[in-house]
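Quick caveat: nothing in here was measured; it's all calculated off a predicted structure. Counting starts at 1 for both ligands and their atoms, in listed order.
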Amino acid sequence: MPQLASRPTFFLRHRSIISISNHQTASRVKLSTCIARPFLNMPPKGSKRKAEPAAGTPAKRTTRGSVKIEVSGQSLTQSTGDETDEELPPTPKEESNDEFLHIDTSEGHEEIVLREFYPPEMSNERARSYKDGTIQLPYNELTSALSDTASQRVDMKSNKAVAHWFRWDLRLADNTGLHRAVKSAKSQGLPLICLYVFSHQDFHAHYTSPARIDFCLRTLQILKDDLAKLDIPLWVEEVEDRKLTQNHILDWCEKWGVSELHANMLYEVDELRRDAKLVRAAVKKDVGFTVHHDTCVVEPMVLRSGAGRTYSVFTPFFKSWEPYVYRNQCVENLFPPPGKNEPKHKAKEAFEELFSQTSFPTPNEDKRLGQKDAQRLAKLWPAGEHEAKSRLRRFLDERVSKYVDTRNRPDNDSGTSGLSVHFSAGTLSARQAVRACMDHNKGKTLDSGHHGWIREICFRDFYKQILAANPHVCMNKAYHEDYHNVRWEYNEEHFQRWVQGKTGYPIVDAGMRQLAANKYMHNRCRMIVASFLCKDLLLDWRKGENYFMSELIDGDFASNNAGWQFCSSSGTDAQPYFRIFNPLTQSEKFDPDGEYIRRWVPELSKLKGKAIHDPAGRLSPAEFKKLGYPQPIVEHKFARERALERYKSGLGRNTR
Ligand SMILES: Cc1cc2nc3c(=O)[nH]c(=O)nc-3n(C[C@H](O)[C@H](O)[C@H](O)COP(=O)(O)OP(=O)(O)OC[C@H]3O[C@@H](n4cnc5c(N)ncnc54)[C@H](O)[C@@H]3O)c2cc1C
């Protein structure tokens with residue numbers, strides 16, 4: 001059995017909160033054994049962990065494995081995370097092999113948030129290695145794989161079809177990867193076929209919400225029907241083990257004689273690494289796999305500051321983004337949807353099996369909407385690119401000119417576009433939106449409404465490039481490492497009251513109940529409830545981040561993570577930690593008549609005037625009691641002081 005280091009290194013698979021204690025304090029979680037048994041591609045049971053490389057030599061790390069732990073007296077064997085094998089920089093001398101260890105156990109116990117399938121967290125030192133280039137960015141792994149194989153990815157032996165692999169780009173119009181696949185199929189005289197890969201494990205790993213999965217499945221049906229009219233089949237492949245996705249894809253390509261496979265780039269770490277591997281593996285199997293930039297108006301990493309760095313602050317990014325879009329005609333000549341497969345290909349017969357798929361895989365129970373919710377949400381959020389286009393048109397015709405005045409008002413249902421679900425599923429491209437908005441603007445220069453809305457779309461681009469350039473944010477880390485040492489509370493009761501919208505702060509509760517019901521929340525309220533979680537309750541922002549993803553129909557890793565890091569003050573361009581939202585004044589300012597609160601918190605629907613914002617403070621105890629509404633979970637003034645103190649002392653602590 002390997003020796004435990006003085007500070008234990010371990011990786012857990014399940015999403016949970018775990019507390020880790022030093023020897024002096026009672027431990028809720030006890031590391032009882034530490035046996036490396038890789039989760040996937042397991043070597044035989046009982047086999048020994050590979051010896052660690054000598055200090056100073058480059059190491060190949062496999063982070064998969066498992067540890068045996070005791071939680072509240074129960075013994076569990078947990079798989080370690082599945083971050084892919086990667087080349088590590090030389091192990092520094094006198095450093096133990098604990099690059100993922102971040103927990104300073106010398107001050108009693110601390111707790112961390114774990115993500116299913118992943119190691120809990122890497123050290124700040126390792127996060128820094130991504131920044132300073134000691135470890136290659138996953139983004140660069142993929143671009144290198146693409147450039148290294150550029151000459152090999154053409155003229156493949158297979159010659160029966162060209163394929164497009166759909167991900168979160170579920171549309172036919174202005175889809176870069178699909179367009180390239182169409183062009184290539186035409187030039188080679190081949191038919192086009194399409195694929196979507198459905199993986200429960202990916203949904204779990206990414207906290208994809210049941211509402212988002214449902215939206216995706218409804219969209220796939222529309223996509224399949226639209227493609228079938230063009231004699232193009234769409235096959236939905238189910239993959240049990242997410243790590244074997246690439247094998248399934250290559251088998252599928254082999255089966256259908258695919259010479260070229262095209263897809264659009266996803267900027268999350270796992271996906272970049274998977275694609276990088278697949279690009280290289282595919283050429284060996286005679287498949288040219290090409291990944292394209294598509295989701296952003298301006299692809300990540302292109303815009304650089306005077307010092308040659310990627311931007312970390314939004315305003316200069318936007319100042320550089322806007323002229324770049326005009327200069328490079330980024331929203332001109334959008335790609336048309338594909339034409340029909342030519343009759344000579346007899347696609348219907350040649351790919352009969354692909355056309356004949358009549359139902360898609362069913363999500364696991366915990367990722368499935370109940371029937372009533374499914375019907376209600378289908379009405380609230382109709383799926384598909386046709387709907388996206390008409391929603392965009394309605395927004396532009398009826399509301400965009402007032403956008404700057406209305407966008408911060410949750411009481412106004414139509415103050416914003418409600419298009420985030422379409423951007424997140426890819427049923428609308430950001431280019432299409434910007435193009436349509438520019439065309440809609442009547443004058444020569446954009447008016448404030450049109451300009452303001454395009455600026456918001458640019459936020460999306462900004463956060464994707466933050467993700468591509470700073471992969472540590474995708475691995476449970478704060479963007480600014482200092483914030484890692486803020487000590488969070490892990491009060492489960494508080495967390496549950498926040499989740500259920502029972503904090504006693506009406507604007508917070510209204511937001512949380514809107515999220516629970518509609519799987520969407522107004523941006524202003526996202527900021528208010530996130531700030532409340534981190535600053536008033538001092539709960540770990542990553543718990544809130546994960547919860548949002550597991551609920552939102554428009555969940556998007558980059559925007560969600562950035563939103564949470566903004567609110568916890570640990571992110572790019574974040575509000576300084578000493579600026580703490582007051583939920584009462586936010587409520588009075590952005591929901592002045594209490595309409596939004598009345599809609600979502602029926603207990604308060606009869607209250608008039610300022611009492612709607614602060615019932616506990618404004619009503620007599622007897623009046624308040626009658627409401628059946630909870631007392632505030634925490635006093636804001638106290639919470640504010642506590643947060644300031646906690647942040648201050650956290651930021652002053654040394655990190656490693
Ligand atoms: C804590 C927190 C979590 C968030 N999580 C997500 C998320 O998971 N997915 C998501 O798409 N957005 C997220 N946002 C951003 C924002 O709240 C939503 O994009 C917005 O509310 C969507 O409504 P809309 O389409 O009507 O927006 P509009 O006001 O009409 O804006 C148009 C589009 O611009 C983009 N956009 C607007 N604001 C932002 C922003 N702050 N950051 C990034 N993009 C923006 C969106 O794509 C949006 O659809 C989050 C914000 C916060 C504060």
S.K.: Determine, using heavy atoms of F395 and all atoms of ligand 1, whether some pair is separated by less than 4.0 Å.
M.R.: no

S.K.: Nearest to atom 42 (N) of ligand 1, what protein heavy atom do you find, and at what distance?
M.R.: Y463 CE1, 3.3 Å

S.K.: Give me the one residue out of R212, R460, K464 that meets salt bridge (charged side-chain N to carboxylate O under 4.0 Å, His left out) with D556.
M.R.: K464

S.K.: Please confirm whether S424 comes under 4.0 Å of ligand 1, counting heavy atoms of the residue only.
M.R.: no

S.K.: Do R171 and F166 meet the cation-pi criteria used here (NZ or CZ under 6.0 Å from the six-membered ring centre, within 45° of the axis)?
M.R.: no

S.K.: Looking only at protein heavy atoms, identify the closest one to atom 3 (C) of ligand 1 and say how far it is in Å.
M.R.: N560 OD1, 3.2 Å

S.K.: Under a 4.0 Å heavy-atom limit, does L552 contact ligand 1 with its side chain, its backbone, both, or neither?
M.R.: side chain

S.K.: Would one find an N or O of M527, backbone or side chain, under 3.5 Å from an N or O of ligand 1?
M.R.: no

S.K.: Nearest to atom 12 (N) of ligand 1, what protein heavy atom do you find, and at what distance?
M.R.: S559 CB, 3.6 Å

S.K.: Measure centre to centre between the rings of F495 and W498, then say whether the value is under 6.0 Å.
M.R.: yes

S.K.: May I ask whether F566 has any heavy atom positioned less than 4.0 angstrom from an atom of ligand 1?
M.R.: no

S.K.: I'd like to check whether Y403 has a polar contact with ligand 1, where a contact means an N/O of the residue lying under 3.5 Å from an N/O of the ligand.
M.R.: yes

S.K.: Side chains of Q514 and Y596: do they bring a donor and an acceptor to under 3.5 Å?
M.R.: yes

S.K.: When the ring centroid of W453 is compared with that of F395, is the distance short of 6.0 Å?
M.R.: yes

S.K.: Does N561 reach the main-chain N or O of Q565 with its side chain, forming a donor-acceptor pair under 3.5 Å?
M.R.: no

S.K.: Measuring from the heavy atoms of F557, does anything fall under 4.0 Å of ligand 1?
M.R.: no

